[in-house]
> 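Below you will find the structure I want to go over with you.
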Amino acid sequence: MKQSIRVTVNGEEHASEVEPRTLLVTYLREQLDLTGTHIGCDTGQCGACTVMLDGQPVKSCMVLAVQADGARVGTVEGLATNGKYHPIQDAFWEKHGLQCGFCTPGMMMAAVGLLERNPNPSDAEIREQLEGNLCRCTGYQNIVAAVRSAAEAMRAGEAQPVAASGAAGAAGAAGGEEA
Ligand code: FES
Ligand code: FES
């Protein structure tokens, strides 16, 4: 039997009916058409499905949609605001932090989770934060450089907090294309 949930996703409230077994990632992709959140493994190992849940990055294949009832969810589609990319998106572009881009939405959401609680992380802290996010085609060096660069830009005041806002923003963000 389906259950009713209300979830605020990227600043917009959704009232939905879901099966109790529906995963948050499936809900986002199939019911809300937010396909920027990717499914790589479906078993909590790759991090491609990482989203913000009440200000914390989580692997959305490990969370049931019903567990997000009443919560604020931020996805990659909500990173850009007012037609302007979030600094983490600009930084991945400028530092060549991606190749195929499949891992990129999850990488960026995990990175934002770090940068909103630690505005000036060391490379070791960046690597520790991203250890649950796997990339099959870049070296991790440029990803770390991108997160460091985004940290500088965010310290300079170039972004609204995603955690606080539930990632309110425009669709079509970098790395948020359909897959
Ligand atoms: Fe969720 Fe891989 S799809 S961790
Ligand atoms: Fe291809 Fe990371 S850029 S998996």
Side-chain angles (χ1 to χ4, degrees), residues 5 7 9-10 16 18-69 71-80 85-116 121 123 125-151 162-163 166-167 172-179:
I5 59 171
V7 189
V9 182
N10 300 334
S16 306
V18 296
E19 298 283 352
R21 65 194 167 129
T22 300
L23 299 173
L24 179 57
V25 66
T26 309
Y27 169 67
L28 293 170
R29 288 178 57 87
E30 297 184 6
Q31 285 187 236
L32 302 188
D33 287 332
L34 294 171
T35 54
T37 300
H38 294 166
I39 301 173
C41 67
D42 223 1
T43 54
Q45 297 176 64
C46 75
C49 63
T50 304
V51 300
M52 298 291 273
L53 179 65
D54 280 340
Q56 297 294 328
V58 299
K59 293 176 176 176
S60 59
C61 73
M62 302 300 288
V63 178
L64 295 169
V66 291
Q67 292 176 293
D69 186 22
R72 289 171 298 116
V73 174
T75 73
V76 68
E77 287 91 347
L79 284 178
Y85 283 145
H86 187 282
I88 195 72
Q89 295 172 298
D90 283 333
F92 266 73
W93 172 263
E94 286 162 9
K95 300 294 179 185
H96 308 288
L98 66 145
Q99 285 187 27
C100 79
F102 193 85
C103 70
T104 310
M107 287 282 183
M108 292 195 296
M109 299 313 290
V112 165
L114 170 66
L115 297 178
E116 291 193 353
D123 282 8
E125 288 169 325
I126 294 170
R127 287 177 186 278
E128 186 179 0
Q129 173 75 5
L130 298 181
E131 69 182 3
N133 291 72
L134 304 182
C135 177
R136 293 182 63 171
C137 50
T138 68
Y140 290 89
Q141 208 66 26
N142 288 357
I143 293 173
V144 173
V147 177
R148 201 188 311 125
S149 172
V162 172
E177 61 274 358
E178 194 163 334

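None of the values given here were measured: they were computed from a predicted structure. Note that ligands are numbered from 1 as they come in the structure, with each ligand's atoms numbered from 1 the same way. For this chain, numbers begin at 1 and follow the sequence in order.
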> SG of Cys46 to NZ of Lys59: how many Å apart, nearest 0.5 Å?
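Between atom SG of Cys46 and atom NZ of Lys59 there are 7.5 Å.
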> So, the side chain of Gln67 versus the backbone of Leu64: is there a donor-acceptor pair under 3.5 Å, distance only?
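Yes, because the side chain of Gln67 sits within donor-acceptor range (under 3.5 Å) of the backbone of Leu64.
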> Within the distance-only criterion (no hydrogens, no angle test), does the side chain of Glu77 pair as donor or acceptor with the backbone N or O of Gly36 below 3.5 angstrom?
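Flag set: sc Glu77 to bb Gly36 pair under 3.5 Å.
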> Checking side chain to side chain contact (heavy atoms under 4.5 Å, CB included) between Thr37 and each of Leu24, Val51, Thr50, Val73, which is the one that passes?
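Of Leu24, Val51, Thr50, Val73, side chain to side chain contact (heavy atoms under 4.5 Å, CB included) with Thr37 is met by Val51 alone.
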> For atom 1 (Fe) of ligand 2, which protein N/O/S atoms fall under 2.8 Å? Skip waters.
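Only Cys100 SG, Cys137 SG fall inside 2.8 Å of atom 1 (Fe) of ligand 2.
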> To the nearest 0.5 Å, what is the distance between OG (Ser149) and CD1 (Ile88)?
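Between Ser149 OG and Ile88 CD1, I get 8.5 Å after rounding to 0.5 Å.
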> Once you round to the nearest 0.5 Å, how far does CZ of Arg127 lie from CD1 of Ile143?
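One finds 9.5 Å between CZ of Arg127 and CD1 of Ile143.
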> State the SG-CG distance between Cys103 and Leu98, to the nearest 0.5 angstrom.
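The CG atom of Leu98 is 7.5 Å from SG of Cys103, to the nearest 0.5 Å.
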> Below 2.8 Å of atom 1 (Fe) of ligand 1, tally up the protein N/O/S atoms for me.
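The number of such protein atoms is 2.
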> Just verifying a value: how many Å separate Cys135 SG and Tyr140 OH, rounded to the nearest 0.5 Å?
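So the SG of Cys135 and the OH of Tyr140 are separated by 5.5 Å.
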> Measuring from atom CG of Asp90 to atom NZ of Lys95, what distance do you get when rounded to the nearest 0.5 angstrom?
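Reported to 0.5 Å precision, the distance equals 12.0 Å.
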